[in-house]
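We use all heavy atoms of the structure for the numbers below, so side chains are in, but hydrogens, waters and symmetry mates are not. The shown structure was predicted, so the numbers you read here are calculated from the model rather than taken from an experiment.
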Amino acid sequence: MSEFQIRKDNFATNRVVETVAPSIGDGEILVKVDCFAFTANNITYAVLGDKLGYWQFFPPSNADTGWGIIPVWGFADVVASKAPDMPVGDRLFGYFPPAAFLTMTPARVTEQRMLDASAHRAKLPPGYNNYTRVNAEPSYDRRMDNARMLFWPLHMTSFCLWDLLKEKNWFDAKQIVILSASSKTSIGLGHALAADASAPPVVALTSARNLGFVNQLKLYKQATTYDELADIDASIPTVIVDMSGNGDVLARLHVHLGDNMKRCIKVGLTHWDEIQPGAGTTAERSEFFFAPGHIQMRMKDWGPDELAKRTSVFLIDTAVKSLGSLHFEKLDGLNGLAAVYVDVCEGRVAPDQGLIVEM
């Protein structure tokens, strides 16, 4: 088997490691990873690996502590089983390593879902430990796997952001500014806000390289570049949704808006190498947003079935709308991922590409 590893102290350094095929014990299953999506969101997992525990999900099989495995969203098939109710041939959607195989410990198995109860994952966010048994879905269509892998984790965050903003009455803002507006999570949020008549107008901030793409989306009242953020109206109350993590840009925007910066919600880290807060950042009106925590809150508020119903409708809608501005780029296995990985790290992947690794 093989697995894709990166240096924890230098995310751009990567390698594909050949390892011994795992065996399974009683109560365990072995799955073969079939395919997964890879985006800038996966780099965020690396940046926050120590802070939020992402390195703990899939420890390297060679126990090399200097290296880590970035989690990915994808599909895997059960190829060996010593667990009740989890037959060979079952197909799972969820959180996997970029690796050939994974040993799992199924628990709370229902017709539609299972939980991986492996000991090293017990204290990690439960949303990442749940898997969907897609063969039990009446409408499961394998032709939609690419869209599901790519958009589900990103647009789930888009849903949570839209839900938070709406619940907080937009923080009394009269405009919403989205940084890194070309990202797929931003586009999902943009579609949600465009469809919500109660939402304030949205301003998109992006790089000069991606400005044309953002304008073509026709989602935003205004689109401008990081270098020209002074064009944003600073006379009205504003809420910022920051997908970029670019400390310098964010600080300049805070200074420009002044007291009219009502809230800054920090989400992603597409500019992960520029995350140090710049001078002028208003920390007391800023917060880091963790989507799994919001999901757990809504699960308690609404119940799992209602949450699934609301998010399913949202995700189908935003994915269908987003497909019109994107094409899938298929990569051949882990070596194919390695060939483009540095481009993902350095933000050189075109915003209209969706990377799909086929194992």
Side-chain angles (χ1 to χ4, degrees), residues 3-15 17 19 22 28 31 33 36-74 76 92-99 101-108 113-132 149 152-154 156-157 159-161 164 185 242-243 245 265-273 275-276 286-300 304 307 341 344-345:
E3 59 190 30
F4 183 80
Q5 302 178 357
I6 67 168
R7 286 288 307 179
K8 293 181 182 180
D9 58 358
N10 183 354
F11 303 144
T13 301
N14 65 88
R15 65 186 185 185
V17 176
T19 60
E28 294 182 331
V31 301
V33 177
F36 58 86
F38 202 85
T39 70
N41 182 57
N42 299 101
I43 309 303
T44 301
Y45 294 150
V47 176
L48 301 175
D50 291 320
K51 184 176 181 179
L52 298 181
Y54 288 114
W55 296 127
Q56 299 175 38
F57 281 97
F58 308 114
S61 57
N62 53 5
D64 190 331
T65 57
W67 294 79
I69 294 178
I70 304 177
V72 295
W73 290 90
L92 302 176
F93 171 72
Y95 218 43
F96 294 103
F101 294 96
L102 176 67
T103 301
M104 309 174 77
T105 306
R108 302 181 193 173
R113 298 180 184 86
M114 62 151 271
L115 174 80
D116 186 356
S118 298
H120 69 279
R121 297 177 65 164
K123 295 182 180 180
L124 298 170
Y128 292 124
N129 291 336
N130 280 289
Y131 293 80
T132 304
M149 290 184 289
W152 192 93
L154 304 178
M156 182 62 81
T157 298
F159 171 87
C160 292
L161 287 166
L164 170 70
T185 306
D242 177 30
M243 308 284 188
I265 303 168
K266 297 185 286 186
V267 188
L269 297 168
T270 59
H271 296 264
W272 58 270
D273 54 345
I275 61 175
Q276 293 301 319
S286 301
E287 64 181 87
F288 179 75
F289 182 76
F290 187 50
H294 191 87
I295 292 169
Q296 287 300 112
M297 180 191 76
R298 283 310 193 199
M299 195 170 290
K300 292 178 182 177
L307 175 65
Y341 174 75
V344 179
C345 283

Shortest non-hydrogen contact from [X] toward [Y]:
X: Pro98; Y: Val72; result: N-CG2, 4.0 Å
X: Pro71; Y: Phe58; result: CB-CE1, 3.8 Å
X: Ala291; Y: Thr157; result: CB-OG1, 3.7 Å
X: Asn42; Y: Ala37; result: OD1-O, 4.0 Å
X: Trp55; Y: Ala46; result: CZ2-O, 3.6 Å
X: Phe288; Y: Val267; result: CE1-O, 3.8 Å

How many angstroms lie between atom [atom1] of [X] and atom [atom2] of [Y], to the nearest 0.5 angstrom?
X: Asn14; Y: Cys345; atom1: CG; atom2: SG; result: 7.5 Å
X: Ile6; Y: Ile70; atom1: CD1; atom2: CD1; result: 3.5 Å
X: Phe57; Y: Tyr45; atom1: CZ; atom2: OH; result: 8.5 Å
X: Ser118; Y: Leu124; atom1: OG; atom2: CG; result: 10.5 Å
X: Lys300; Y: Ile295; atom1: NZ; atom2: CD1; result: 13.5 Å
X: Leu164; Y: Arg298; atom1: CG; atom2: CZ; result: 8.5 Å

(request) Check salt bridge (Lys or Arg N to Asp or Glu O under 4.0 Å) between Arg113 and all other residues, then give those that pass, not counting sequence neighbours. (result) none
(message) Quick check: Phe4 with Phe36 (ring centres under 6.0 Å apart)?
(response) no
(request) Give a yes or no answer on whether the side chain of Tyr341 reaches the backbone of Ala12 with a donor-acceptor pair at less than 3.5 Å. (result) no
(request) May I ask you to decide if Thr105's main-chain N or O and Asp116's side chain share a donor-acceptor pair within less than 3.5 Å? (result) yes
(request) Please step through side-chain contact (heavy atoms from CB on, under 4.5 Å) for the pair Met243 and Leu161, ending with a clear verdict. (result) CA-CA 11 Å; Met243 308 284 188; Leu161 287 166; 3.5 Å; yes
(message) Show, in sequence, the C-alpha distance, side-chain angles and deciding distance for Phe38 and Ile43, and conclude whether the side-chain contact (heavy atoms from CB on, under 4.5 Å) test is met.
(response) CA-CA 9 Å; Phe38 202 85; Ile43 309 303; 4.2 Å; yes
(request) Check the pair Met104, Phe96 against side-chain contact (heavy atoms from CB on, under 4.5 Å), reporting the backbone distance first and the verdict last. (result) CA-CA 10 Å; Met104 309 174 77; Phe96 294 103; 4.2 Å; yes
(message) Walk me through whether Phe289 and Lys266 qualify under side-chain contact (heavy atoms from CB on, under 4.5 Å).
(response) CA-CA 6 Å; Phe289 182 76; Lys266 297 185 286 186; over 6 Å; no
(message) Distance alone, cut at 3.5 Å: any donor-acceptor contact between the side chains of Glu3 and Thr19?
(response) no
(message) Angle between ring planes, Phe290 versus Tyr54, binned at 30° and 60°: parallel, tilted or perpendicular?
(response) perpendicular
(request) Please work out whether the ring planes of Tyr128 and Trp73 are parallel, tilted or perpendicular, with thresholds of 30° and 60°. (result) tilted
(message) I'd like to check Asn41 versus Thr185 (side-chain heavy atoms, cut-off strictly below 4.5 Å). Are they in contact?
(response) no
(request) May I ask you to check whether over 12 heavy atoms, not counting those of Arg15, lie within 6.0 Å of atom CZ? (result) yes
(message) Which residues pass the side-chain hydrogen bond (donor to acceptor under 3.5 Å, both in side chains) test with Asn129, not counting sequence neighbours?
(response) Arg121
(request) Name all residues meeting the side-chain hydrogen bond (donor to acceptor under 3.5 Å, both in side chains) criterion together with Asn62; count only those two or more places apart in sequence or in a different chain, and write none if there are none. (result) Gln5
